[in-house]
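What's counted below: heavy atoms across the whole structure, side chains too, no hydrogens, waters or symmetry copies. FYI, the numbering just counts along the sequence from 1.
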Amino acid sequence: MFIRKNSIQSKKTCIKIVRQDGINADDLCFDSSVITRYGNQEGVVKGYNSRKRGRNSYTLLIGFLGLGYVVNIWNRKGNASSGNGIVEYFKQTVAVLESNFKILKVICDSGYYLISFIDYLESKSYSYIISAPICQLIQKKILEQKQWIEVTDGIELTEFYFKHLDKKWKKERRYIVVRQEVNKSEKATGKFMTLLFDLQEVKNYRYSVMITNDHDSSPKEIWDRYKPRAKDENVIKELKDSYGLDSFNLKSFWATEAVMAMIALVFFNLIFYMKKHVINKNQLVKEKLSTIRMKHFIISAAIGKNGRKQILRLGIKDSKKRNIVIKILTHIGSLNISLKAMQLKYK
């Protein structure tokens, strides 16, 4: 299938960029996102859609490195749950990263709080931190805790060991709990507990819970390691707003995935790499794609000849801008990316 090969080529290009950046070890994070559709494309069905309720949609499964690169993407039917197929997706992502890449930690939100996934990670000796839903049994365990460690004013941590009643959960595992006092922080994250909510010591806090097989790190170290995962939402927003991830609307399900793979795994990662090493190097504020496009990519040019060689003459007078464009082209050349090989083909 030509279109499926396009996705494979995008994944190969992705790892080229990651390797060029000298990254051989990092955290691996997963998240999902809903893409609303208005037609009758292959695979679009009604599912959970918080913004456009009742609309047909796709549900994307996206893999990130902790440093910000996107390393895998799956397009799925709109009624697929976040964790649906996560074990197979994880295996494929590991294959994309190749055997000499070290996954330091697997970090996910509560959509991947599945015993099948947890068992698989443990069987392969992967260290993980996964957000846990605050069900009533976990709420009871939280209410039993008397020893809370204050991190800062209004934020406290505790931990406990817990096993669900389901027979698939064969042993107790470590849970880290964060509670944030809403009266002391307007940006308190987490969820309110429903059990005994009328109690003052309960309704004043929002709670977050994580499960982990890391028994060496302190509760604060676990929480600090998990917190950067929130940046994944910003990456997804940027993919949609700046790169048009949700705007490509093809009839074929696999053609849509192939385009999404090119956007996320090639173009986003390429621009991310350029921002890091050339365009926004040593700058705290990173420019958006719209700004980069106007400053560096929209350049008047003319095709000419130098002897028998065809050349492209760029109309750049500013020496600083010229140096940046030269560096961009040099880096792209060193990556040896064949965009022609990723052109969509239909048969």
Under 6.0 Å from the [atom1] atom of [X], do we count more than 12 heavy atoms belonging to anything else shown?
X	atom1	result
Lys227	NZ	yes
Lys327	NZ	no
Glu150	CD	yes
Lys240	NZ	yes
Lys321	NZ	yes
Lys141	NZ	yes

Requested in this report: Check for a donor-acceptor pair, side chain of Asp27 on one end and backbone N or O of Lys105 on the other, with a separation under 3.5 Å.
Outcome: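 Judged by distance alone, yes, a pair lies under 3.5 Å.
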
Requested in this report: Answer yes or no: is there a donor N or O on one side and an acceptor on the other, between the side chain of Ser218 and the main chain of Glu221, under 3.5 Å?
Outcome: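 Present.
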
Query raised in the report: For the atom pair CD (Glu233) and NZ (Lys237), what is the distance rounded to the nearest 0.5 Å?
Result: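 Going from CD on Glu233 over to NZ on Lys237, the span is 11.0 Å.
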
Query - Atom pair CD1/OH of Ile118 and Tyr128 - distance to nearest 0.5 Å - result: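 Reported to 0.5 Å precision, the distance equals 5.0 Å.
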
Do [X] and [Y] have their ring centres less than 6.0 Å from each other?
X	Y	result
Phe272	His277	no
Trp169	Tyr113	yes
Tyr89	Phe30	yes
Phe253	Tyr58	yes

Report task. I would like to know whether Ile103 and Val94 meet side chain to side chain contact (heavy atoms under 4.5 Å, CB included); could you show each step before the answer? Result -> CA-CA 8 Å; Ile103 296 173; Val94 171; 3.8 Å; yes

Report task. Identify whether the distance between the nearest side-chain nitrogen and carboxylate oxygen of Glu98 and Arg19 falls below 4.0 Å. Result ->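 Judged by the 4.0 Å cut-off on N to carboxylate O distance, Glu98 and Arg19 do form a salt bridge.
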
